[in-house]
Chemist: 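One structure follows; several queries about it will come next.
Computed over heavy atoms, backbone and side chain alike; hydrogens, waters and symmetry mates excluded.
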Amino acid sequence: MTTAIATATAAVALARTEEDLAAVAGGSVEGAVEGAATTAATVEIRCPEGWVAVCAPADLTPGRGVAALLPDGTQAALFADRAGQTYAIANRDPFTGAQVLSRGLTGSADGRPFVASPLLKQRFDLASGSCLDDPSVSVPTYRVRSVPGVRGTRGV
């Protein structure tokens with residue numbers, strides 16, 4: 001909730017004029033202030049520490065990944081397909097050790113969604129984490145959920 005409020009507050013702070021402020025709010029200056037107390041839906045990843053908020057669903061573009069730093073210092077790569085299904089795998093490419101899988105190309109093979117590492121092009125199944133090119137290698141996967149936004153109170 002804090003992240004969404006900070007994001008809304010930042011959008012209000014970036015507005016240069018009342019017209020900009022009204023545009024951020026969807027039409028009125030009063031709405032901008034009220035909008036700053038409204039949280040947007042959040043995509044969360046399940047890690048050993050519990051559910052961690054990563055981004056808004058609108059931040060996920062089909063075919064592109066988003067990297068997330070988890071509380072234990074590891075990184076996850078989050079993806080959404082064109083049907084709106086979300087996936088999260090470790091961001092670390094096990095072949096090179098680089099944190100790059102979020103920058104890979106997505107596709108599907110035999111109906112299985114995958115991301116291809118941008119370095120050596122090995123493909124990783126987004127649902128299972130298994131390497132489609134070398135069955136002896138895999139990356140960790142994470143459960144993902146989308147939590148609807150909650151309306152805050154005015155003046156928060």
Chemist: Which atom pair, heavy atoms only, marks the closest approach of Thr106 to Gly63?
Modeler: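 For Thr106 versus Gly63, the nearest heavy atoms are OG1-CA, 3.1 Å.
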Chemist: Work out which heavy atom in Gln75 is nearest to a heavy atom in Asn91; give both atom names and the distance.
Modeler: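 What the structure gives for the nearest pair is OE1-ND2, 2.8 Å.
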Chemist: With a cut-off of 3.5 Å and sequence neighbours excluded, list every side-chain donor-acceptor pair involving residues 115-124.
Modeler:
unit_1, atom_1, unit_2, atom_2, d
Ser117, OG, Asp93, OD2, 2.5
Ser117, OG, Leu119, N, 3.3
Lys121, NZ, Pro118, O, 2.7
Arg123, NE, Asp133, OD1, 3.2
Arg123, NE, Asp133, OD2, 3.4
Arg123, NH2, Asp133, OD1, 2.9

Chemist: To the nearest 0.5 Å, what is the distance between CG (Asp81) and CG (Leu126)?
Modeler: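 These two atoms lie 8.5 Å from each other.
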Chemist: Do you know which two heavy atoms are closest between Tyr87 and Pro113, and how far apart they sit?
Modeler: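 Distance-wise, the nearest heavy atoms are OH-CG, 3.5 Å.
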Chemist: Might you point out which heavy atoms bring Val139 and Arg92 nearest each other, and give the distance in Å?
Modeler: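 In terms of heavy atoms, the two residues are closest at CG1-O, 3.8 Å.
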Chemist: Measure the spacing between OG1 of Thr86 and CZ of Arg143 and express it to the nearest 0.5 Å.
Modeler: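 Thr86 atom OG1 to Arg143 atom CZ measures 11.5 Å (nearest 0.5 Å).
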Chemist: Can you see which heavy atom on Pro57 is nearest to which on Ser146, and at what distance?
Modeler: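 The answer is CG-OG, 3.8 Å.
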Chemist: List, by chain and then residue number, the residues other than Val54 in its hydrophobic cluster (Ile/Leu/Val/Met/Phe/Trp/Tyr, side-chain heavy atoms under 4.5 Å); write none if there are no others.
Modeler: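 In the cluster with Val54 are Val43, Ile45, Leu60, Val66, Leu70, Leu78, Tyr142, Val144.
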Chemist: Taking the side chain as every heavy atom from C-beta outward, state whether Cys47 and Pro71 have any atom pair closer than 4.5 Å.
Modeler: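 They are in side-chain contact.
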Chemist: Indicate yes or no: at least one non-hydrogen side-chain atom of Phe95 is less than 4.5 angstrom from one of Cys131.
Modeler: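 Answer yes - side chains close enough.
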Chemist: Tracing side-chain links under 4.5 Å among I, L, V, M, F, W and Y, which residues wind up in one group with Leu105?
Modeler: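 For Leu105, no cluster forms, as it stays isolated from other hydrophobic side chains.
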Chemist: So which atom in Ser138 and which in Ser130 form the shortest heavy-atom distance, rounded to 0.1 Å?
Modeler: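 Taking every non-hydrogen atom into account, CB-CA, 3.8 Å.
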